[in-house]
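Each ligand, and each atom within it, is numbered from 1 in the order the structure gives.
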Amino acid sequence: MKYEINCIGILTSGGDAPGMNAAIRSVTRAAIFHGIRVKGIYHGYKGLISGEIKEFQTQSVSNIIQQGGTILRTARCKEFMTEEGKKQAYETMQKEGIDALVVLGGDGTFTGAREFAQDFNVPIVGVPCTIDNDVCGTDYTIGYDTALNTIVEAVDKIRDTANSHERLFFIEVMGRDAGFLALNSAIASGAEAAIIPEIETGEAQLEDLIQRGFRKSKNSSIVIVAESDITGGAMGIASRLKETHPEYDSRITILGHLQRGGSPSAQDRILASRLGAAAIDALLEEQRNVMIGIDDDKIVYVPFTKAIKDDKPVDLALMEVLKTLSY
Ligand code: F6P
């Protein structure tokens with residue numbers, strides 16, 4: 001069945017990411033440019049179910065490109081996973097005259113989108129927004145670059161006090177189960193090591209890392225630890241160290257949600273502007289149920305099924321770079 005798209009709904013779902021607002025602006029302005037009406041759906045899929053919707057004009061998205069967070073608010077919605085929830089969401093779309101959806105978020109958002117699109121034959125296009133960078137089929141997700149810069153700024157500050165006291169710091173960063181933020185922030189901040197879920201850190205590796213980090217020519221040591229049950233986080237690693245090396249005066253910093261806030265970097269604003277506009281192009285080209293990605297600086301359309309596969313690899317060669325440079 002061919003859809004004529006006169007009106008789209010846009011929503012943000014899952015964890016927020018800096019640059020989401022820039023993407024909302026881009027989708028809205030590109031749609032209006034092409035004569036398509038835009039309705040902003042608040043609180044993600046929850047608002048699609050309950051009908052929390054407002055018509056957007058060009059000026060509705062003025063002055064937001066530089067703002068972190070999302071003006072549409074966000075939520076993680078279990079109800080949308082139920083038959084009843086999806087049915088209500090579809091009824092809202094019909095009532096509001098929404099012909100297609102543009103959804104901004106990560107793999108959870110696209111999993112919901114894929115099922116909804118299959119069950120109700122609704123055209124949906126996704127835009128990858130998450131600080132974790134763990135979405136397959138795109139080199140970068142919106143928010144990742146800003147979060148990386150936020151981490152590096154924080155680590156630089158911790159380095160000052162680590163140097164003064166000649167201490168070892170374990171700094172925990174976000175990433176859910178992916179090590180992109182940890183590994184690249186370790187390289188960018190000149191950290192001594194990174195512990196990521198993709199590489200096992202056994203006792204021998206931990207010992208090697210400590211020996212290298214504490215060699216005589218250095219007077220502080222920073223280890224970036226990716227949050228994850230696999231790594232045990234900064235607390236887990238620090239307590240393992242305490243057992244074997246009680247002599248070390250180590251400290252732990254968990255950066256937490258500050259990594260998700262702040263004004264988006266120029267890189268994220270540009271990425272959001274490109275991917276958002278491409279989402280409208282994709283709908284006009286009758287693309288259905290795809291995520292817009294960036295691959296080798298080119299726009300690509302990635303089927304939701306591929307985007308939500310849980311196997312985006314970190315470049316392990318980067319670990320060698322880190323080891324070489326922190327020697
Ligand atoms: O997916 C983004 C993210 O910030 C992850 O890095 C983190 O594990 C998770 O969200 C935290 O979620 P919440 O804000 O719901 O605690």
Result for side chain to side chain contact (heavy atoms under 4.5 Å, CB included) between Leu101 and one of Ile8, Val125, Leu48 points to Leu48
Quick note on ligand 1: atoms under 4.0 Å from a heavy atom of Met174 include exactly 4 (O), 6 (O)
Exercise for the section: May I ask you to decide if the ring planes of Phe120 and Phe116 are parallel, tilted or perpendicular, using 30° and 60° as cut-offs? Expected result: tilted
Out of Leu181, Asn133, Asp132, the nearest non-hydrogen contact to atom 6 (O) of ligand 1 is supplied by Asp132
Among non-hydrogen protein atoms, atom 16 (O) of ligand 1 lies closest to His257 NE2, 3.4 Å
Note to self: Classify the ring geometry of Tyr45 against Phe80: parallel below 30°, tilted from 30° to 60°, perpendicular beyond 60°.
What the structure shows: parallel
Review point. Applying a strict 4.0 Å limit to heavy atoms, is Arg76 in contact with ligand 1?
Key: yes
**Message:** Is Gly175 close enough to touch ligand 1? Criterion: a residue heavy atom under 4.0 Å from a ligand atom.
**Reply:** yes
* Ignoring hydrogens and angles, tell me if any N or O in the side chain of Ser326 forms a donor-acceptor pair with the backbone of Glu192 under 3.5 Å. => yes
message = Checking the side chain of Thr141 only, and the main-chain atoms of Thr130 only, is there a donor and an acceptor separated by less than 3.5 Å?
response = yes
If you compare Glu227, Arg260, Arg176 by their heavy atoms, the one closest to atom 11 (C) of ligand 1 turns out to be Arg260
